[in-house]
Amino acid sequence: MAMVVERNGTESIDDLVREAESLKSRLEEERAKFNDMELTTIAEKLDSLPPFATKSRRILKGHQGKVLALDWSNDKRHMVSTSQDGKLIVWDAFTTNKEHAITMSTTWVLACAYSPSATTVACGGLDNKLTLYPLSADDDANKQKKVVATHANYISSCKFMHSDQQLLTASGDSTAKLWDIESSVAIQTFQGHQADVMGIDISPSEAGNIFVSGSSDHIAMVWDIRTGAYVQTFEGHESDVNAVRFYPSGDAFVSASDDATCRLFDLRADRQVAIFKKESIIFSCNAIDFSLSGRLLFGGYSDYCINVWDTLKGSRVATLYGHENRVSSLKVSPDGTALGTGSWDCTIRVWA
């Protein structure tokens, strides 16, 4: 009797595996129907971009360790950065003055974000906590600080949800979480990745109900914030996905990876539509952002340079040199007029 049950069990598993394989191939066939033409083929008709004249305009010096994260304020002028030295610095990017310098309880602060109202900054890292610091001129920010999120492993990335009330965090514990700031309670936990979640980005569309995550499991996932479930997964990278960024329209996103490529995925076509790579580029891409129109893609690489790509044509239009170590973080200012880059050379550069 036991033998018969066992045989039936193995047969049914084999049947299920076969069925899964056939469903997978049918899905691929359906996906291929959308694949009517390559993006680069359509873009051939477009005019080439004019010569690229961006230069390094400011160098912000003050960190004693590797710069690990940065973010712009919505006032388009201030910047926050965090570093391996355990310092959080708020800069005036025009004058290069430091307006706040906060010593944190941990080194290796891997993530920071400016609140939409520009009144607080959030940061976290190897202490597994996300802390909120108010930016008032008179009080000591350390006395006013508030821990709003905790994970079972390091915090790799954080973003405010279009308001000062909610925050999204990504962690080395392979989850992302949505937090209510006032109560410090997790509203939603997003589980699905098989390894560290390295980067997240929230959809720029008004509803803002989806976000994308990239992970060390080589996969990028798109999540529904309301249900806590992932709605799309995108494969293709051959190594860790370090960063993800939505295209300004919200219909696509780009991912950056240790495999030295960036890839553009279209949500509607449910597939990869472009890849940004060159044989001469062999170092990992650690950070990415789009220009305001989305036509340019900026990537910060481990070979100390920033590569600028034409998003539609898939070709490199410029390389920005200046940093003397790995480019770890990169963000275009909210009005699109400047690019901020942070590096392991302990400096931040503003390009325009």
Charged N-O contact under 4.0 Å between Arg271 and Asp266: no

Backbone N/O of Gly342 and side chain of Ser328: donor-acceptor pair under 3.5 Å: yes

Which atom of Arg58 lies closest to which atom of Ala93, heavy atoms considered: CG-O, 3.5 Å

Co-membership, hydrophobic cluster, residues Ile210 and Ile225, 4.5 Å side-chain: no

Backbone N/O of Asp196 and side chain of Ser215: donor-acceptor pair under 3.5 Å: yes

Common cluster, Val327/Leu60, ILVMFWY with side-chain heavy-atom separation under 4.5 Å: no

Closest contact, heavy atoms only, Tyr154 versus Met198: OH-SD, 3.5 Å

Whether Asp310 side chain and Ser315 backbone form a donor-acceptor pair below 3.5 Å: no

Presence of salt bridge, Asp289 and Lys331, under 4.0 angstrom: no

Within-4.5 Å side-chain heavy-atom neighbours: Ser257 and Arg263: no

Verdict with reasoning, Ile200 to Trp223, per side chain to side chain contact (heavy atoms under 4.5 Å, CB included): CA-CA 10 Å; Ile200 45 175; Trp223 305 80; over 6 Å; no

Side-chain heavy-atom pair Ile219, Val241 within 4.5 angstrom cut-off: no

Name of the residue among Phe246, Phe253, Tyr247 meeting ring-ring contact (aromatic ring centres under 6.0 Å, His included) with Phe265: Phe253

Neighbour count above 12 (heavy atom, 6.0 Å) for Glu182 CD: no

Gln194 side-chain N/O to Gly192 backbone N/O, donor-acceptor pair under 3.5 Å: yes

Approximate separation, where rounding is to 0.5 Å, of Phe211 CZ and Ser203 OG: 12.0 Å

Within 6.0 angstrom of Gln144 CD, more than 12 heavy atoms from elsewhere: yes

Pairwise side-chain contact, Asp258 with Asn242, heavy-atom cut-off 4.5 Å (strictly under): yes

Beyond-backbone contact of Val244 with Ser255, side-chain heavy atoms, under 4.5 angstrom: yes

Check: Val109 main-chain N/O paired with Thr82 side-chain donor or acceptor under 3.5 Å: yes

Check: Ser156 side chain, Val197 main-chain N or O, donor-acceptor pair, under 3.5 Å: yes

Heavy atoms from other residues, nucleotides or ligands near NZ of Lys129 exceed 12 (cutoff 6.0 Å): no

Note, Leu126 side chain near Thr107 side chain (heavy atom, < 4.5 Å): no

Under 3.5 Å donor-acceptor, Ser83 side chain and Lys66 backbone: yes

Over all atoms of both residues, closest heavy-atom pair of Asn325 and Asp345: CB-N, 3.5 Å

Pair Asn286-Ser302, side-chain donor/acceptor within less than 3.5 Å: yes

Non-hydrogen atoms of Ser105 and Asp127 that approach each other most closely: OG-OD2, 4.2 Å

Side-chain donor or acceptor of Asp164 paired with backbone N/O of Ser115 under 3.5 Å: no

Whether Phe52 and Phe298 hold their rings parallel, tilted or perpendicular, with breakpoints at 30° and 60°: tilted

Cluster overlap Met161 with Tyr114, hydrophobic side-chain contacts below 4.5 Å: no

Phe276 and Trp309 aromatic ring geometry - parallel, tilted or perpendicular at 30°/60° bounds: tilted

Single-linkage hydrophobic cluster, 4.5 Å side-chain cutoff, Leu46 and Leu39 together: yes

Cluster overlap Ile102 with Leu70, hydrophobic side-chain contacts below 4.5 Å: no

Lys145 side chain to Met104 backbone, donor-acceptor under 3.5 Å: no

Within-4.5 Å side-chain heavy-atom neighbours: Leu297 and Cys262: yes

Atom of Leu130, atom of Gly124 and distance for their closest heavy-atom approach: CD1-N, 3.8 Å

Test item: Arg57 side-chain N/O and Ala352 main-chain N/O as donor-acceptor pair under 3.5 Å: yes

Result of checking Leu320, Val308, Leu330 against Trp351 for side-chain contact (heavy atoms from CB on, under 4.5 Å): Leu320

Contact check, side chains of Met79 and Glu99, non-hydrogen atoms, under 4.5 Å: no

Side chains of Ile306 and His323 in contact at under 4.5 Å (non-hydrogen atoms): yes

From CA spacing to verdict: side chain to side chain contact (heavy atoms under 4.5 Å, CB included), Trp344, Leu68: CA-CA 7 Å; Trp344 282 16; Leu68 302 172; 3.9 Å; yes

Trp179 to His151 - nearest heavy-atom pair and separation: NE1-NE2, 4.1 Å

